[in-house]
Amino acid sequence: MPKTYAFFDTLLITWYLRHKRELPWRATKDPYKIWLSEIMLQQTRVVQGLPYYLKFIEAYPTVKDLAEAPESDVLKLWQGLGYYSRARNLHATAKMVSNEMNGIFPKTYKNLLKLKGVGDYTASAIASICFDEPEAVVDGNVYRVISRIFGIKTPINSTSGQKKFKELAQNLIDKNQPGTYNQAIMEFGAQYCVPQNPDCENCIFKNMCAAFQTETVSNLPVKIKAKPVKRRYFNYLVILANNERTILQQRLGKGIWHKLYEFPLIETLDEINLNELIALPEFHKQTKDLNIESVVLYNEKAVIHKLSHQHLNTRFWIVETSHLKKQAAVGEHDVSISEIDNYAVPVLIENFVSEFFENYG
DNA sequence: AACACGGGGCG
DNA sequence: CGCCCAGTGTT
């Protein structure tokens with residue numbers, strides 16, 4: 001190992017012990033709690049995930065409690081955190097561990113990797129934190145810290161980059177305290193070696209940081225450009241029967257929000273007006289058994305709901321009817337307005353519901 | 001190897 | 001408006 005690596009881990013851990021945040025999952029080695037926190041924090045900031053972690057631990061103190069819950073409850077509790085496949089895989093894995101593994105989590109990196117929703121990062125985190133296995137985590141923080149200190153320009157989202165960074169990280173880890181080391185490098189990236197305008201002048205690695213020496217900090221890490229954002233046009237049919245009942249539709253296709261609920265949706269290639277809406281075959285299909293009294297556009301100015309790779313240009317159409325259809329289609333639920341809150345819905349829908357039904361109770 | 005998958009926060 | 005966040009699974 002090159003000489004410059006020699007005290008890297010010691011410096012890092014010393015910094016960590018002085019500056020680390022006190023977080024609930026840092027006060028335990030319970031694999032269930034570590035696993036839960038790691039799944040929640042995938043692509044998610046600590047401050048955003050923390051309240052969800054507390055809710056989940058309260059609702060499901062053990063993996064058995066989580067396993068015995070209906071998936072719909074788990075999704076509802078996850079509502080708003082995003083990347084909902086995490087919640088579905090979380091629940092599937094809880095059932096697997098509870099039912100097939102006697103409630104005991106695997107104790108090795110290799111076996112942890114077999115769990116649904118557990119990839120290289122999460123398996124490394126659990127193995128090191130709970131079982132002292134020296135397996136290096138490589139998350140967004142680690143990519144940033146390592147690329148800067150060692151001046152590595154390989155794109156972090158290329159296959160060769162992932163291999164290279166994992167290898168280097170594995171050489172850096174403190175094998176005597178791998179869990180502490182792994183958390184230290186992530187915390188250092190999150191709190192000090194931040195993406196924008198890090199305080200390099202006062203950094204403990206100032207003298208060995210390749211990026212600082214060559215003034216390339218702002219260029220690292222290198223990342224292959226993301227695809228342009230896609231624009232989509234959503235028309236939601238908010239069907240109101242006697243101002244008391246409505247229809248929710250579960251998303252069961254391939255795309256976003258799988259298994260979450262929304263109002264009946266008509267997606268178009270552009271923004272449409274009332275005449276265009278009611279002329280659509282889909283509109284007739286969605287409303288054929290209704291006795292429509294009126295169709296009114298709720299928001300002339302579309303809500304632009306922003307996801308990482310999509311901007312959803314959304315308008316809500318209020319469809320008043322004297323009754324709801326009798327025969328529900330697949331995934332369709334006839335619900336009273338007060339029951340909407342029981343369903344897991346995307347933030348886009350939650351925002352509309354809380355605004356529109358504010359005065360309904 | 002590329003792509004899909006949420007939502008929020010920051011400059 | 002673009003970038004990033006304690007990444008993983010599918011194609």
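In the text below, chain A, chain B and the rest are named by the order of the sequence lines, each starting its count at 1.
Phosphate proximity of C/dC4 to A/Tyr143: absent, as no side-chain N or O sits under 4.0 Å from OP1 or OP2. At the phosphate of B/dG6, neither OP1 nor OP2 sits under 4.0 Å from any side-chain N or O atom of A/Thr44.
The A/Lys225 side chain lies nearest to C/dC3 when the options are C/dC5, C/dA6, C/dC3. With C/dA6, B/dG11, B/dG6 as the candidates, the nucleotide lying closest to the side chain of A/Asn197 is B/dG11. Here B/dC5 is the nucleotide among C/dC4, B/dA4, B/dC5 with the atom lying nearest to any side-chain atom of A/His309. Closest approach to the A/Thr159 side chain among C/dG7, C/dC1, B/dA1 is made by B/dA1 (side chain taken as heavy atoms from C-beta onward).
Note: A/Phe352 and A/Tyr298 have perpendicular aromatic rings, judged against thresholds of 30 and 60 degrees for the angle between ring planes. Below 30°, between 30° and 60°, or above 60°: for A/Tyr192 and A/Phe188 the angle between ring planes is below 30°, a parallel geometry.
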Q: Apply the test ring-ring contact (aromatic ring centres under 6.0 Å, His included) to residues A/His333 and A/Tyr343: give CA-CA distance (whole Å), side-chain angles for both, the deciding distance (0.1 Å), then the verdict.
A: CA-CA 10 Å; A/His333 290 234; A/Tyr343 291 81; 5.5 Å; yes
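Using C1' as the reference atom, C/dC5 and B/dG6 are 12 Å apart when rounded to the nearest Å.
Heavy atoms of other residues, nucleotides or ligands lying less than 6.0 angstrom from CZ of A/Arg231 number 12 at most.
Side-chain N/O atoms of A/Arg86 and base N/O atoms of B/dC5 include no donor-acceptor pair closer than 3.5 Å. With hydrogens and angles left out, the side chain of A/Arg26 and the base of C/dA6 share a donor-acceptor pair within 3.5 Å. The base of C/dG7 lies outside donor-acceptor range of the side chain of A/Tyr121, with no N or O pair under 3.5 Å.
Nearest-nucleotide assignment on DNA chain C puts the 5′-proximal partner with A/Gly189, out of A/Gly189 and A/Val118. Along DNA chain B, the nucleotide nearest A/Ser160 and the nucleotide nearest A/Arg88 are compared for position; the residue whose nucleotide lies closer to the 5' end is A/Ser160.
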